[in-house]
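Start at 1 with the first residue, then count along the sequence.
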Amino acid sequence: MSQILELCGGSKETLYRYFGNKKGLLQQVIQQQVEMTGVLFQFEAGSAESLEPKLIQFGKDYINMFYRQDFINMYRVMSDASREDVELAELFMAQGPRRLHSQLGEFLNDYAERGHIDIADSDIAAAQFLGLMRANFFHEALLGTAPPSQAVIADYVQQSVALFLCPQRAGQ
């Protein structure tokens with residue numbers, strides 16, 4: 001709780017009054033982050049828009065998210081708290097990374113079913129794409145390095161999306 005107070009300010013009494021305990025507070029933090037990132041990453045099934053610009057926008061938003069201070073703080077607190085509470089770690093993974101992975105997989109599967117890309121397993125494709133986007137950005141952000149310029153991110157994402165889509169394009 002001391003670490004949380006250091007990041008957020010306030011008193012222990014106030015935190016306990018509103019959240020009951022550390023776990024209650026962290027569950028609320030998870031929910032808030034899910035809502036904030038959910039706005040960024042909305043995938044439309046059946047979209048007529050080409051897949052490439054959608055993946056490029058997603059990739060830029062995903063990488064930029066790593067450098068947001070609220071994301072870094074939340075990740076550090078969750079990383080520390082999850083060592084003591086496996087249930088909390090599972091909640092975080094289910095509501096955060098796994099949920100995003102699943103949504104991206106469903107999105108890719110929709111494009112595959114409509115013949116726009118050729119993928120054998122949308123779950124694996126989603127994992128590969130997310131890994132490609134995380135690259136070193138995720139760890140560098142957690143370690144406090146300065147974010148790259150938007151031009152560097154855009155160039156990286158465009159090249160990565162082209163690489164991802166190259167063997168996936170249907171009928172080629």
Residues 129-146 vs side-chain hydrogen bond (donor to acceptor under 3.5 Å, both in side chains), sequence neighbours excluded, gives Tyr62-Arg134
Just wondering, do Leu130 and Met133 contact through their side chains at under 4.5 Å, heavy atoms?
no
Tyr111 six-ring centre to Arg114 NZ/CZ under 6.0 Å and within 45° of normal | yes
Rounding to 0.5 Å, atoms OG (Ser102) and CG (Asp123) come to a distance of 7.5 Å
All heavy atoms of Ala112 vs all of Ile119, minimum pair found to be CB-CG1, 3.7 Å
Here the side-chain hydrogen bond (donor to acceptor under 3.5 Å, both in side chains) pairs for residues 155-164, sequence neighbours left out, are Asp155-Gln159
Practice task
Would you check if Phe129 and Leu165 make a side-chain contact, meaning some heavy-atom pair closer than 4.5 Å?
Solution key: no
Can you confirm whether Pro148 sits close enough to Ile153 that some side-chain heavy atom of one is under 4.5 Å from a side-chain heavy atom of the other? yes
In this structure, CG of Leu108 is separated from CD1 of Ile124 (nearest 0.5 Å) by 12.5 Å
**Prompt:** Do Met65 and Asp61 come within less than 4.5 Å of each other through their side chains, counting heavy atoms only?
**Reply:** no
In this structure, CD of Glu113 is separated from CD of Glu106 (nearest 0.5 Å) by 10.5 Å
Flag side-chain contact, heavy atom, 4.5 Å: Glu90 against Arg98
yes
Check: Heavy-atom distance under 4.5 Å between the side chains of Leu100 and Phe58, does that happen here?
Finding: yes
When you look at His116 and Asp110, which way does the side-chain hydrogen bond (donor to acceptor under 3.5 Å, both in side chains) test go after all the steps? CA-CA 9 Å; His116 296 288; Asp110 175 62; over 6 Å; no
Q.
Quick one, Arg76 with Asp80, criterion side chain to side chain contact (heavy atoms under 4.5 Å, CB included). Give me CA distance, side-chain angles, the key distance, then yes/no.
A. CA-CA 6 Å; Arg76 287 177 177 157; Asp80 186 49; over 6 Å; no
In short, Ile56 meets Val157 closest at the heavy-atom pair O-CG1, 3.4 Å
Contacts of Phe138 meeting ring-ring contact (aromatic ring centres under 6.0 Å, His included) (sequence neighbours excluded), chain-then-number -> Phe66, Tyr75
* Where the side chain of Asn109 meets the backbone of Gly105, is there a donor-acceptor pair that is under 3.5 Å apart? -> no
Margin query: Is it the case that over 12 heavy atoms from other parts of the model lie below 6.0 angstrom from the CD atom of Glu49?
Written below: yes
- Query: Does some side-chain heavy atom of Phe107 sit less than 4.5 Å from a side-chain heavy atom of Ser122?
  - Reply: no
Here the gap from Asp121 atom CG to Gln128 atom CD, rounded to the nearest 0.5 Å, amounts to 9.0 Å
Rounding to 0.5 Å, atoms CE (Met78) and CZ (Arg83) come to a distance of 11.5 Å
